[in-house]
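Below is one structure, written out as structure tokens; comments come after it.
We're numbering straight along the sequence, starting at 1. Because the structure is predicted, anything quoted here is derived from the model rather than measured. In listed order, ligands and their atoms are each counted from 1.
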Amino acid sequence: MTFEPAAPTIIRRPERIADETWLIHQVQEALGAPLRVYLNSMVIRGPEPVIIDTGTVANRAQWLEDVFGLVEPKDVRYVFISHDDVDHTGNLAQVMEQCPNATLLASWALVERFSNAFEFPLERCRWVDDGSHLDLADRRLHFVRPPLWDSPTTRGVFDPATKVYWAVDAFAAPCSTEVEESVDQLDPEAWRTGMATFARHAVAPWLSLVDGARYRDNVEGVRALGATTIASAHSPLISGAMIEPAFDLLADLPNVTVPAAPDQSVLDAIIADTAGGE
Ligand SMILES: [Fe+2]
Ligand SMILES: [Fe+2]
């Protein structure tokens, strides 16, 4: 028996979401439920192309084809890693090897935490803090931590030129087996419940501990950026008229009661289902 991750069977090609801005998609089947989950990353082209997160090991071949179909490896100027999770760092080594002119944008904490898995070329690194920015030839990127996160290293990216906000794990919500492209295609109740369940069980269980008013202030600070497109790693695209309801859902998360996380009985049922299907 080997433990190599299975390559995805659902393929969605890169999606242009704004001028020179592309979402790179991966779609994963949810465990024990007829749901699908996006594992997105992003590319900003232009005179100084930026890769934002590097996908997963499972999707390596497709991810490299998708990204380098949009930008030549030698042209990549920056690689931004939002945080040290496997669904965001899966092809970091491949990118740094194939893109000799790329500077790695990450936080001090990320380098500290992830050095056990990756030999950081420190002379090619630039540390980015929450609230800092980076000037490119044609735009200024702002690094803004999303309102909820699952690692202290997390930074989001706001591009005022396109008003796209890379929200990392915030706004995460599953979609149906139809793999909806936009949250306005989701059943509204499924969106609300899905976002709350992901947030409370898979990204930010600390939501149950926070002061609701202070948390809401933080959400409103990110809302005030004025993004017109929110690209989340784990949600269908959020844009236009769906921006405000998405922030409303996010702001209300500490007040939402969610079902218990799947327990051993659910795992037993999944295993029984799998055995029955063989
Ligand atoms: Fe994460
Ligand atoms: Fe993630």
Side-chain angles (χ1 to χ4, degrees), residues 5-6 8 10 12 14-15 17 22-31 33 35-43 51-60 62-63 66-67 79-92 95 104-118 128 130 143-158 164-175 179 183 191 194-208 210 215 218-219 222 230-238 246 249-250 253 258 261:
I10 305 165
R12 278 204 60 202
E15 176 185 9
I17 60 170
W22 299 76
L23 265 189
I24 309 301
H25 291 299
Q26 179 182 339
V27 180
Q28 180 169 298
E29 296 184 21
L31 265 179
L35 298 171
R36 303 289 180 265
V37 183
Y38 279 104
L39 302 164
N40 296 324
S41 47
M42 201 165 90
V43 170
I51 295 174
I52 295 181
D53 285 335
T54 64
T56 75
V57 171
N59 195 41
R60 176 165 295 161
Q62 185 69 52
W63 189 89
D66 287 347
V67 170
V79 180
F80 170 82
I81 298 294
S82 67
H83 68 303
D84 50 319
D85 271 353
V86 287
D87 52 329
H88 300 255
T89 58
N91 301 300
L92 175 58
V95 168
L104 175 54
L105 304 170
S107 62
W108 161 80
L110 192 150
V111 175
E112 283 284 3
R113 288 163 59 107
F114 203 60
S115 286
N116 62 81
F118 180 71
V128 293
D130 178 31
F143 303 105
V144 180
R145 192 171 69 178
L148 57 89
W149 65 90
D150 63 7
S151 166
T153 68
T154 303
R155 282 97 176 93
V157 183
F158 179 59
V164 172
Y165 179 56
W166 176 247
V168 195
D169 292 338
F171 302 97
C175 51
V179 192
V183 292
W191 186 30
M195 190 193 292
T197 303
F198 268 26
R200 295 291 286 273
H201 290 317
V203 177
W206 47 261
L207 280 165
S208 63
V210 300
Y215 168 77
N218 197 35
V219 173
V222 178
I230 296 174
S232 164
H234 309 298
S235 168
L237 196 65
I238 303 167
L249 287 177
L250 204 67
L253 285 175
V258 298

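At a threshold of 4.0 Å, the pair R113-D84 counts as salt-bridged, since one of the basic side-chain nitrogens sits closer than that to a carboxylate oxygen.
Look at H83 and the Fe ion (ligand 1): an N/O/S atom of the residue is under 2.8 Å from the metal.
Nearest N/O/S atom of D87 relative to the Fe ion (ligand 2): this is OD2. Of all the N, O or S atoms in D169, the one closest to the Fe ion (ligand 1) is OD2. The atom name of the N/O/S atom in D85 closest to the Fe ion (ligand 1) is OD2. In terms of distance to the Fe ion (ligand 2), the nearest N, O or S atom of H234 is named NE2.
With no hydrogens or angles considered, a side-chain donor-acceptor pair links D169 and H83 at under 3.5 Å.
You'll find the side chain of S41 stays beyond 4.5 Å of the side chain of I52, heavy atoms only.
Ring centroid separation for the pair H234 and F198 does not come in under the 6.0 Å cut-off. Between F143 and F158, the distance separating the two ring centers is not shorter than 6.0 angstrom.
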